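A quick write-up on the structure given underneath.
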Amino acid sequence: MRRTASVAVALAAMASGLVSAVPATAAAGSPAAASSVDWTDCGTANNPTMQCAAIDVPLDHARPEGRQIQIAVNRIPATAEERQGPLLVNPGGPGGSGLGLAGYVARSLPADVAAQYDVIGFDPRGVGKSEPALECKPGYFDATRPDSVPHDFRTFAENISRAASFAVDCGIRHEGVLKHINTRNTARDMDAIRAALGAEQINFFGYSYGTYLGSVYAELFPERVRRMVLDSIVDPTKVWYEANISQNYAFDERFTAFTAWIAEHDATYGLGTDAEKVEARWYDMRTAMRDEPAKGVVGPAELEESFLPGGYYNGYWPAMAEAFAAYVHEGDEQALLDLYDDYGKVTGTNGYSVYTAVECRDAKWPRDWGTWYEDARETYRKAPFLTWSNTWYNAPCAFWPTRQPEATDVRNDDIPPVLLFQATDDAATPYAGGVKMHRLLDDSRLVVEEDGGNHGITLGGNACLDRYLTEYLADGTLPDARRGVDATCDTLPEPEPAHAASAQKGERSAPSADRADGAELHRLLGARP
């Protein structure tokens, strides 16, 4: 393995517009060749027509006759007479499984639109049911982990050693494979799926990291793009180190919105009417976890992971506020443990292994830990909620045992108009990323959810957003091009709190019926981009 930054060096560092119809491109349903995929039935109660398969692709696309790996795929077959070809979907990550998303998209689109597409889900290389699946450092997320905030040299040393050991373990377990796990190769796998399906072009629908994956596919294979939807958009000019710093500030603002919501509902939660004081009580709770983890499990790191999903989706806020209130009022540690089990606990390391493998291989990262430390320390002063947790989450990239190239330039004027969706207050992929992608993809259209803070906003219950999505997928209709933002939608109302009687006694409430779609979608998208 290539030598990278040393632990010793690291430790030293501490010292709503009108729409217009756009002509559709040639139908992707007219195949270049017959499909070579061997589909088998794998239907479920929700998706009885689902079919599954595995597609062989080269480990190294520069050596197509060399070692082959398998990409797990599924589909909800088109049933309409007029068909528009395959619609590949991706939930983000990197490291997220797309197999569950295919069924959700097919069920959530209007039936007459979904019926026109073969909705294709897939596990990107290294993920889930694809083979080989990456699994580095088993037990890496077992509780209780060191406090993410380095209050002393020992805590800093523990965190830096954990990160370095993860990178080393990945290099040993997956030597020969690791250098081939990146976004460009995943995009090439997508084109192999297209070829195996016998389609001349694909349609693509990606959330979060999937927006970067889609833009990279378009850069590599512009002639293969028919329609493309990108929702909650990665800034492709900040891949990946700077993107994570931007996240730290955005998540802190989202956490402030959460504590303000609790303060607005003091009658329910009894945590005070001053948002700053509510936030201070949360940090007091975090400090208490340092000395005595809740139920011996939930320390500060686990507490952060338990509340982090609220930055992605405000439908989780009532459950999180209930656990917070139950601990403050009743000393109920079980409430925090239950919250951790529901929202913060990581089982296995496959998703994280692929996350690090892709991000650490996609672009250059600082190899000098002095840079990481100074950036984190400066950011933490203004944005304490996620900064150090996010730093350690990405820290293996300082030690990654593969070469790190320059990031892909995704600017593109060779593809049909792409439809972009972005919430103004998205924390995981801040608003600036949507604006940047809009500028880089010529003739794209940007639809903005005003005052929206959720990550992944289409097919989550907002009828205005879904109308733009549906019209585009149905016949290529796009908002009229305008200067800057092309169309806007109002955000959904904030969630209703739990009943006062249950909130302060630690009784858990289920998501309301009108937010069920959003809850299911965000379970599929997961946390971290």
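Bear in mind that the values here come from a model prediction, so they are computed numbers and not experimental data.
Scanning both residues, Cys42 and Gln51, for their nearest heavy atoms gives SG-C, 3.3 Å. The shortest heavy-atom contact between Val354 and Ile181 is CG1-CG2, 4.5 Å. The shortest heavy-atom contact between Pro124 and Ile71 is C-CD1, 4.4 Å. Between Arg145 and Ala301, the shortest heavy-atom distance links the atoms NH2-O, 3.8 Å. Of all heavy-atom pairs spanning Ser389 and Glu304, the tightest one is CB-OE1, 3.5 Å. The two atoms that bring Tyr312 and Ala428 nearest to each other are CE2-CB, 3.4 Å, heavy atoms only.
Inspection of the Glu449 and Asn462 side chains reveals an N or O donor paired with an N or O acceptor under 3.5 Å. Under 3.5 Å, the side chains of Thr458 and Asp231 contain a donor-acceptor pair of N or O atoms. For the residue pair Tyr140 / Ser353, no side-chain donor-acceptor distance below 3.5 Å is found, with atom types taken as modelled. Asp362 and Trp240 share a side-chain donor-acceptor pair at under 3.5 Å.
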Derivation of the side-chain contact (heavy atoms from CB on, under 4.5 Å) call for Thr211 and Thr429: CA-CA 10 Å; Thr211 66; Thr429 52; 5.8 Å; no
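A salt bridge links Arg194 with Asp191: the closest approach of a Lys/Arg side-chain nitrogen to an acidic carboxylate oxygen falls below 4.0 angstrom. Look at Asp123 and Arg125 and you find no salt bridge, because none of the NZ, NE, NH1 or NH2 atoms lies under 4.0 Å from a carboxylate O.
Within the 4.5 Å cutoff, side-chain heavy atoms of Tyr343 are placed close to those of Tyr316. Counting heavy atoms from C-beta outward, Trp400 and Trp365 have side chains that stay 4.5 Å or more apart. For the pair Thr379/Ile245, a side-chain contact is recorded, criterion being any heavy-atom separation below 4.5 Å from C-beta on.
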Enumerate donor-acceptor pairs with a distance under 3.5 Å from any side-chain N or O in residues 62-69 to protein atoms, sequence neighbours excluded.
{"from": "Gln68", "atom 1": "NE2", "to": "Pro64", "atom 2": "O", "distance (Å)": "3.1"}
{"from": "Gln68", "atom 1": "NE2", "to": "Gly66", "atom 2": "O", "distance (Å)": "3.0"}

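Dense packing is recorded around NZ of Lys364, with more than 12 heavy atoms of other residues, nucleotides or ligands lying under 6.0 Å away. Open room surrounds CG on Asp38; 12 or fewer heavy atoms of other groups in view lie less than 6.0 Å from it. With a 6.0 Å radius and a threshold of 12 heavy atoms from other residues, nucleotides or ligands, Asn46 has its CG atom above the threshold. Around atom CD of Glu82, no more than 12 heavy atoms belonging to other residues, nucleotides or ligands sit under 6.0 Å away.
Contacts classified as salt bridge (charged side-chain N to carboxylate O under 4.0 Å, His left out) and involving residues 451-466 (residues at least two apart or in different chains) are not found.
In terms of the salt bridge (Lys or Arg N to Asp or Glu O under 4.0 Å) criterion, residue partners of Arg184 (sequence neighbours excluded) are, by chain and number, Glu219.
Between Phe141 and Tyr393, the ring planes lie tilted relative to each other; the angle falls in the 30° to 60° range.
Distance check, rounded to the nearest 0.5 Å: OH of Tyr117 to CZ of Arg227 gives 4.0 Å.
Ring centroids of Tyr217 and Phe204 are separated by 6.0 Å or more, keeping the two rings apart.
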